[in-house]
J.: 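I'd like to ask you about the structure that follows.
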Amino acid sequence: MGFADWLPYLCKLSLFYVDFLEELNEPQRQAATSVEGPVMIIAGAGSGKTRVLTYRIAYLVKQGIDPFHILSLTFTNKAAREMKERIASVIGPSEAKNLWMGTFHSVFARILRSESDRLGYPSNFSIYDTDDAKSLIRTIINEMGLDDKIYKPNTVYNRISNAKNALITAHAYRQSTEFISDDEQASRPRLFEIYQTYTERCFKAGAMDFDDLLLKTYELFARFPEVLYKYQNRFQFILVDEFQDTNFAQYAIIRQLAALYQNICVVGDDAQSIYAFRGANIQNILDFEKDYPELQTFKLEQNYRSTQTIVDAANHLIAKNKAQLPKKVWTANPSGERIKVYRALTDNEEGQFVANQIFELQMNLQKEHSDFAILYRTNAQSRALEEALRKQNIPYRIYGGLSFYQRKEIKDILAYFRVVINPQDEEAIKRIINYPARGIGKVSLDKLLVAANDQNVSLWEVMGNPAGFGASVGSGIQRKIQEFRLGLERFRQVATKANAFELAQELAKHSGLLKELYADKSPEGVSRYENVLELLNGIKEFCDQVEAGTIDRTPTLSSFMEDVALLTDADETDDDQRPKVSLMTVHASKGLEFPVVFIVGLEDTLFPSQMSMSTRAELEEERRLFYVAITRAMERLTISFAETRYRWGQLVHNEPSQFISELDQDLIDLIKPAYDPMSQIQGPSDPFRKKLSRQFSIPEHSKLRSTNQAKAAPGKPGLGASEIRPGMLVRHHRFGKGKVLNIEGKGPDKSATILFEGGEKRLLLKFARLEEGGNGE
DNA sequence: ATGTAGAGGGTTTTT
DNA sequence: CCCTCTACAT
């Protein structure tokens, strides 16, 4: 680096020293500078937590601590990256480079890769995602001849996952009277055997699932004190962000690592704990005080993010929860607008309302589209919102849902990569052995798998010599297996030298996968093809970055793959830089803030979710979730609910969420829909209904409407199946305008072939909900 | 072995 | 509703 390169950094550095103390309020300053010993920072929403963490690390470095000795655990990789950038701008990029920052899973995966031999794992072990794990569990359940109605792969997976997050190994599970008796009561007495077999099969495949990354790390440190000692000395200062969302296993590992130096700083907010469903435990916060009697606790209570109204509303709501640490979040910000509460008639109408609001506010308040966020409880709710935004030509981006790396075509090609890197990876082989089709069907695969189990060798080994391991496949098939295996074997040779991009490109071609996708000219097929090309581009970018020294890695495929399995939805980048409205689940919105926020779908059984209404603890978690959603808003907050919405393709009626009635009624304004066919809107009578009905003038005493709700919705009349004729111009909510070409079938199975702009579709009329439309064509 | 129709099941939330 | 798995035909 020349002097000119250093100049901006020197300027920033001096600025930092000048501004540093003045930029922080008193508790923030103390939290940032009390760097010795155990520290807990309870950081209310919007209280400048990230700033404190950044300055704390900068302060440590300024005190002469080598960044090499600092470990910072964050909730997403993106959070880690952003914080690293901020720190780099303060202490300089070369220093910041040595900081270890990342998610629990990615940091521990790195440790496990370098220490894997001690646990008998290869250093290039595969990471099974949830689908891989469930697929293996399904296989085992079938092999054991168990009924998958009773042993549901999902349930079994969750059970095993819970056990692992509580650091219960398969062996310990068997001894645990609690787990065993629970299973017996659920008439799943053989669950522990599945767990046992699952563990063995993962080991044989050189694979770890997400939970193993924690469990095995704990095991590694517990069994090898010298390894633990090494990392204790490496990480003399440990910071944990989002501490309220750590589970028992994560906390146990932190405790191991911090045992020697005790320089452990955790930051969290019990009011924002929203991951209990995956084992996160508020108890960790309470235990922390017991485990570290010397603990210094700091509370950050001043909110810099939101208006007075929003802060008050959030406080008022969360006060309904029993289990919480005492704190008082306050703000010096102006009171701002009242919170809007909107009752929509349908989910689609709710979407229209939000889209219209964004359109208007964007004009009136001179906002960018990126200033808006729409938050919902479940991913499935995004559909109606997307549609409405598209109609208004509002650019948006969806976070989460089916992420890029979860798409079938991407997982397929990644499976090829995985086998090249680790040929023992059984789930990856199963995925690609007959894709693209090469004549190795289910029957042959089963024979190979049975042999692999009987002989206790890997699938890959059996494929090398099926007859030798007692798999009686025909000679033709055997040749095909051989060919497939040799092809991969050859790539394994190349892999040791070639860079990731060349290798990946060759693999995509050679496997026939690109050709297969290219042949499919349907819109979906084209997009699948493009996705694979995009992945290859991503790999190219990775190689370029390594070459340029931007990231400190080797340009190998396995190096690329190390990151991929642990990417989170929030980590995905968007090349298109146009400002966009953000759509995401409330969970995904954690840690973010937006000037204008819409929280949609505040309905009973949706938010709070049906699944979480049976116990007080679950309901409190839902309430915290709502609290998180509210506190994302800086200036303007709108909450909405719909009277009816499509769920599982059926129109269902919903009651407003109890959380709406829990809001401080003095802080909200109720908005009516522009059109208001009140006579159609009816509902049962209850106290809350009474209140709402006063505000909305809903008749209190009236029967629940049963059918034909769609008619109450605005828009063109729906067409009945009998009214559809060939040649008619129609409109479909999803595919847009189209022309009916042909009618087939009769009665309930009557279907129509319709030419839409996006191509021909055949639709069952009882589902299609066609409207009259396409005038003027 | 492979393709297709029809049944069945699924929606919390995610590393 | 939509996707995946299963059963049957080819």
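Here is the naming used below: chain letters follow the sequence lines, and residue numbers restart at 1 for every chain.
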J.: Closest-nucleotide mapping onto DNA chain B: is A:Val443 or A:Leu625 further toward the 5' terminus? I mean the 5' end.
T.: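 Per heavy-atom nearest nucleotide, the more 5' residue is A:Val443.
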J.: Round to the nearest Å and state the distance from A:Asp148 atom CG to B:dA7 atom P.
T.: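 Checked: the CG to P distance equals 19 Å.
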J.: Centre of A:Tyr399's six-membered ring, under 6.0 Å away, within 45 degrees of the axis: is that where NZ or CZ of A:Arg397 sits?
T.: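 Pair A:Arg397/A:Tyr399 counts as cation-pi.
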J.: Which part of the nucleic acid does A:Val586 contact within heavy-atom distance under 4.0 Å: base, sugar-phosphate only, or nothing?
T.: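 Nothing, no nucleic acid heavy atom in range.
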J.: Under a 3.5 Å cutoff, is there a donor and acceptor pairing between the side chains of A:Ser444 and A:Lys480?
T.: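 Looking only at side-chain atoms, A:Lys480 and A:Ser444 do not form any donor-acceptor pair under 3.5 Å.
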J.: Decide yes or no, distance alone: a donor-acceptor N/O pair under 3.5 angstrom between the base of B:dT11 and the side-chain of A:Arg647.
T.: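 Under the 3.5 Å cut-off, the side chain and the base do not form any donor-acceptor pair.
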J.: Looking only at the side chains, is there a donor atom on one of A:Ser135 and A:Arg431 sitting less than 3.5 Å from an acceptor on the other?
T.: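 Distance-only check fails for A:Ser135 and A:Arg431.
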J.: So, OP1 or OP2 of B:dT12: does either fall under 4.0 Å of a side-chain N or O from A:Asn379?
T.: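 Looking at the OP1 and OP2 atoms of B:dT12, neither is under 4.0 Å from any side-chain N or O of A:Asn379.
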J.: Remember a base hit wins even if backbone is also touched, and classify A:Ser106 as base, sugar-phosphate or nothing at under 4.0 Å, heavy atoms.
T.: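 The answer is nothing, as A:Ser106 stays clear of every strand by at least 4.0 Å.
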J.: Under 4.0 angstrom, heavy atoms only, what part of the nucleic acid is A:Lys480 near: base, sugar-phosphate, or nothing?
T.: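 The residue A:Lys480 makes no contact with any strand.
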J.: Can you measure A:Leu619 atom CG to B:dT12 atom C1' for me and round it to whole angstrom units?
T.: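 Answer to the nearest Å: 14 Å.
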J.: Report yes if a side-chain nitrogen or oxygen of A:Asn434 is closer than 4.0 Å to either non-bridging phosphate oxygen (OP1 or OP2) of B:dT2; otherwise report no.
T.: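 Affirmative; the distance criterion is met.
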J.: Whole angstrom is fine here: how far is it from OH in A:Tyr435 over to P in B:dT2?
T.: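 Those two atoms, OH and P, are 14 Å apart.
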J.: Select from A:Thr378 and A:Lys152 the residue whose nearest nucleotide in DNA chain B is closer to the 5' end of that strand.
T.: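 Per heavy-atom nearest nucleotide, the more 5' residue is A:Lys152.
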J.: Rounded to whole angstroms, how far apart are CD1 on A:Ile433 and P on B:dT2?
T.: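 From A:Ile433 CD1 to B:dT2 P: 11 Å.
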J.: Does B:dT14 have its OP1 or OP2 closer than 4.0 Å to a side-chain nitrogen or oxygen of A:Thr130?
T.: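 Negative; the distance criterion is not met.
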J.: Return the stacking result for B:dT13 and A:Tyr275: yes when the ring centres lie under 5.5 Å apart and the planes under 30°, no otherwise.
T.: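 No, A:Tyr275 does not stack on the base of B:dT13.
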J.: Would you say B:dT15 has OP1 or OP2 under 4.0 Å from some side-chain N or O of A:Thr76?
T.: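 No, outside the criterion.
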J.: Does one side chain, of A:Thr378 or A:Gln381, offer a donor that lies under 3.5 Å from an acceptor on the other?
T.: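 There is such a pair (donor and acceptor under 3.5 Å, judged by atom type) between the side chains of A:Thr378 and A:Gln381.
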J.: For A:Tyr121, is the NZ or CZ atom of A:Lys216 found under 6.0 angstrom from the centre of its six-membered ring and inside 45 degrees of the ring axis?
T.: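 No, A:Lys216 does not sit over the ring of A:Tyr121.
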J.: How would you label the contact of A:Ile127 with the nucleic acid (heavy atoms, under 4.0 Å): base, sugar-phosphate, or nothing?
T.: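 Nothing, no nucleic acid heavy atom in range.
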